[in-house]
Protein chains: 2
Amino acid sequence: MARDLQERIKKLIIDRRLPSGASLPTEPELMELLGVSRNSVREALKALQAMGIVEIRHGFGTYVGPMSMAPMIEGLTFRTVAGHYRGEDSLLQLLELREAVETGLIARLAGRVPEADLAELDALVDRMDAEAATDGAVSPGTDRAFHATLYRGLGNPLLGEVMEAFWDAFHRVRTDLVAIPHDPKVTGLQHREIVDAVRSGDPLRAERAIREHFGDIRTRLSTPASNPTGTPTGTP
Amino acid sequence: MARDLQERIKKLIIDRRLPSGASLPTEPELMELLGVSRNSVREALKALQAMGIVEIRHGFGTYVGPMSMAPMIEGLTFRTVAGHYRGEDSLLQLLELREAVETGLIARLAGRVPEADLAELDALVDRMDAEAATDGAVSPGTDRAFHATLYRGLGNPLLGEVMEAFWDAFHRVRTDLVAIPHDPKVTGLQHREIVDAVRSGDPLRAERAIREHFGDIRTRLSTPASNPTGTPTGTP
DNA sequence: AGAGTCAGCTGCTCTAACCAACTGAGCTAG
DNA sequence: CTAGCTCAGTTGGTTAGAGCAGCTGACTCT
């Protein structure tokens with residue numbers, strides 16, 4: 001029945017053609033509308049919230065969610081962390097997933113990135129180099145911005161979001177679990193090659209650049225310096 | 001605080017190294033363990049259930065979930081359906097996502113699929129042809145089995161699951177929303193070419209075969225016979 | 001006219017009780 | 001003695017009512 005409740009609320013959103021951000025009925029209204037107790041309404045809303053379908057703001061109301069990939073990140077992160085502690089190579093699997101998606105897309109992207117985005121990518125690589133010089137490491141934010149900007153030109157918001165979701169999940173697990181050896185100068189060079197390859201319009205070169213980038217991460221991942229601070233929740 | 005509760009339960013799973021299927025404390029036990037009311041415990045569990053992290057069986061207990069991609073399918077499906085009704089080309093975006101992932105993987109797969117899987121793929125294509133002859137259409141189950149078998153050889157369970165998740169979401173939306181013109185004979189031919197290409201070990205040929213397959217679906221999608229029944233809720 | 005305050009909405013948490021599904025021990029019939 | 005049934009106990013599912021907490025907007029005082 002709880003499952004059914006969620007379906008009915010989803011149906012309500014679809015039927016009323018509610019866009020993201022539109023306000024849903026209040027909890028008392030939903031109680032009457034669906035003929036169930038407040039508790040059941042709340043449990044259904046909690047589940048929908050976990051799926052990103054609704055957004056709940058305390059003291060304000062319930063709204064149609066942004067339908068982002070955020071919940072997927074949660075699930076993927078947890079799955080990977082749990083797998084890691086059970087001795088699986090779940091982080092490597094996640095990296096391979098990213099590699100597969102990005103290599104599949106980069107070819108289509110070659111020569112089709114707007115000049116404005118290319119300039120932004122150049123600037124981001126410059127920032128990587130600058131960060132490497134001052135901090136000795138590239139900040140995660142810059143790397144994320146690079147990938148986000150790169151795939152913006154696809155004209156497909158879903159693709160960009162999925163890509164960012166995979167990036168986020170990978171990064172969260174990586175920072176939580178393992179310290180990966182890092183040569184920031186190489187990172188800068190590889191990203192610059194990606195930009196140049198895409199700018200040149202050569203799909204094969206672009207694909208090769210991406211594969212090299214991921215191959216490098218994979219190598220660093222295969223010989224990990226296990227997190228010296230220990231597991232987040234207490235090492236056995 | 002509710003958010004915090006979920007985190008604490010997740011932490012509990014990680015700390016105790018609970019594998020999928022392990023039983024969690026009962027609701028009263030969690031009440032005492034976390035120092036909150038049963039209601040709050042239940043809402044947290046509902047949210048975790050929606051993310052596939054726990055599994056709740058009425059009258060039996062709560063267990064660590066299979067951590068499958070099932071919740072992602074839910075979210076993706078809803079997002080796509082909602083987008084479709086708002087006039088977006090969300091189904092096309094989903095198709096492009098599938099195409100990107102599969103083209104990114106097929107090259108790596110070429111020449112590396114075990115003979116047993118290849119034989120199974122042959123049998124599946126045969127079944128497609130048989131279904132085309134008798135029913136005039138290829139059953140969804142056969143198509144799904146084909147893709148699942150194809151990507152089994154990757155040695156990466158995550159990849160396979162994500163692929164199946166995308167397939168499921170796409171198929172669910174497709175059957176709910178649009179009737180796509182369908183030439184089962186072409187479907188059979190394209191799948192056979194995919195198998196042959198992979199068997200030949202030629203990555204470029206395999207990639208071309210996949211692109212052709214998706215290009216065909218895309219064409220059929222671009223000139224859709226929109227669901228004449230109209231509302232989403234009337235159609236099963 | 002501006003800033004502080006309060007009433008009202010909203011969602012959040014708790015308590016207490018009962019319903020429903022499943023398990024397993026014990027009982028009955030063959 | 002065994003096969004099947006029944007029933008009690010455990011677990012999650014649902015309801016009800018009460019009070020707490022965050023936000024908004026109108027009202028009031030300076």
Side-chain angles (χ1 to χ4, degrees), chain A residues 1-13 16 18-68 70-71 74-75 78, chain B residues 1-13 16 18-68 70-71 74-75 78:
Chain A
M1 169 176 180
R3 200 79 186 171
D4 181 58
L5 243 188
Q6 294 176 32
E7 290 303 319
R8 284 207 279 166
I9 295 178
K10 287 202 278 186
K11 188 159 158 331
L12 187 145
I13 296 175
R16 299 192 180 179
L18 296 179
S20 286
S23 72
L24 257 57
T26 66
E27 289 180 357
E29 284 170 344
L30 282 174
M31 281 174 60
E32 192 174 358
L33 196 61
L34 305 172
V36 296
S37 79
R38 181 142 182 224
N39 222 324
S40 302
V41 168
R42 284 186 53 74
E43 286 183 8
L45 287 176
K46 275 281 174 187
L48 292 176
Q49 183 188 36
M51 292 190 282
I53 291 177
V54 308
E55 189 179 347
I56 304 176
R57 278 187 265 173
H58 187 172
F60 198 52
T62 307
Y63 300 82
V64 178
M67 317 232 181
S68 73
E74 286 294 320
F78 185 81
Chain B
M1 168 175 180
R3 200 80 186 173
D4 182 58
L5 245 188
Q6 294 177 32
E7 290 303 321
R8 284 205 280 166
I9 296 177
K10 287 202 278 187
K11 190 159 162 321
L12 188 145
I13 297 175
R16 299 190 179 179
L18 297 178
S20 286
S23 71
L24 257 55
T26 67
E27 290 181 356
E29 284 170 343
L30 282 174
M31 282 174 60
E32 192 175 359
L33 197 62
L34 305 172
V36 295
S37 78
R38 183 160 171 218
N39 222 323
S40 302
V41 167
R42 284 185 52 75
E43 286 185 9
L45 287 177
K46 275 283 174 184
L48 292 176
Q49 184 188 36
M51 292 189 283
I53 291 176
V54 308
E55 188 178 349
I56 305 177
R57 278 187 263 172
H58 187 172
F60 197 51
T62 307
Y63 299 83
V64 178
M67 316 227 182
S68 73
E74 286 294 319
F78 185 80

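Chain naming here is simple, since letters A, B, ... match the order of the sequence lines and numbering starts at 1 in each.
In this structure, B:K46 and B:E43 have side chains that are not in contact, with every pair of non-hydrogen atoms separated by 4.5 Å or more.
Per the geometry, CD belonging to B:E55 stands 13 Å off C1' belonging to D:dG12, to the nearest Å. A straight line from NZ of A:K46 to P of C:dG11 spans 12 Å, rounded to a whole angstrom. Spacing between atom CD1 of A:I56 and atom C1' of C:dC12 amounts to 10 Å, rounded to whole angstrom units. To the nearest angstrom, P of C:dT13 lies 13 Å from CG of B:L34. Atoms CD (A:Q6) and P (D:dG13) sit 12 Å apart, rounded to a whole Å. With rounding to whole Å, B:E32 atom CD is found 14 Å from C:dC14 atom P. If you measure from atom CG of A:L48 to atom P of C:dG11, you get 14 Å, rounded to the nearest angstrom. Rounded to a whole Å, the CD atom of A:E27 is 14 Å from the P atom of D:dT15.
In this model, no side-chain donor or acceptor of A:N39 finds a partner on the base of D:dT14 within 3.5 Å.
Between B:K10 and B:E7 there is a salt bridge, since at least one side-chain N of the basic residue sits less than 4.0 Å from a carboxylate O of the acidic one.
Mapping A:G35 and A:F60 onto DNA chain D by nearest heavy atom places A:G35 closer to the 5' end of the strand. Along DNA chain C, the nucleotide nearest to B:M31 and the one nearest to A:T62 differ in position, and the one closer to the 5' end is contacted by A:T62. Positionally, the nearest nucleotide of DNA chain D for A:S37 lies more toward the 5' end than for the other of A:G59 and A:S37.
Here the side chain of B:S20 pairs a donor or acceptor atom with the backbone of B:G65 at under 3.5 angstrom.
Phosphate contact (OP1/OP2 of D:dG13, side-chain N/O of B:R42, threshold under 4.0 Å): present. For A:S40, no side-chain nitrogen or oxygen approaches OP1 or OP2 of D:dG13 to under 4.0 Å.
Taking each heavy atom of A:L5 and A:S40 in turn, the nearest pair found is CD1-O, 3.6 Å.
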- Working for side chain to side chain contact (heavy atoms under 4.5 Å, CB included), residues A:L12 and A:L33: CA-CA 10 Å; A:L12 187 145; A:L33 196 61; 3.4 Å; yes
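Comparing C:dT13, C:dG11, D:dG12 by their nearest atom to the side chain of B:E43 picks out C:dT13.
B:R57 comes within 4.0 angstrom of the backbone, heavy atoms only, and of no base.
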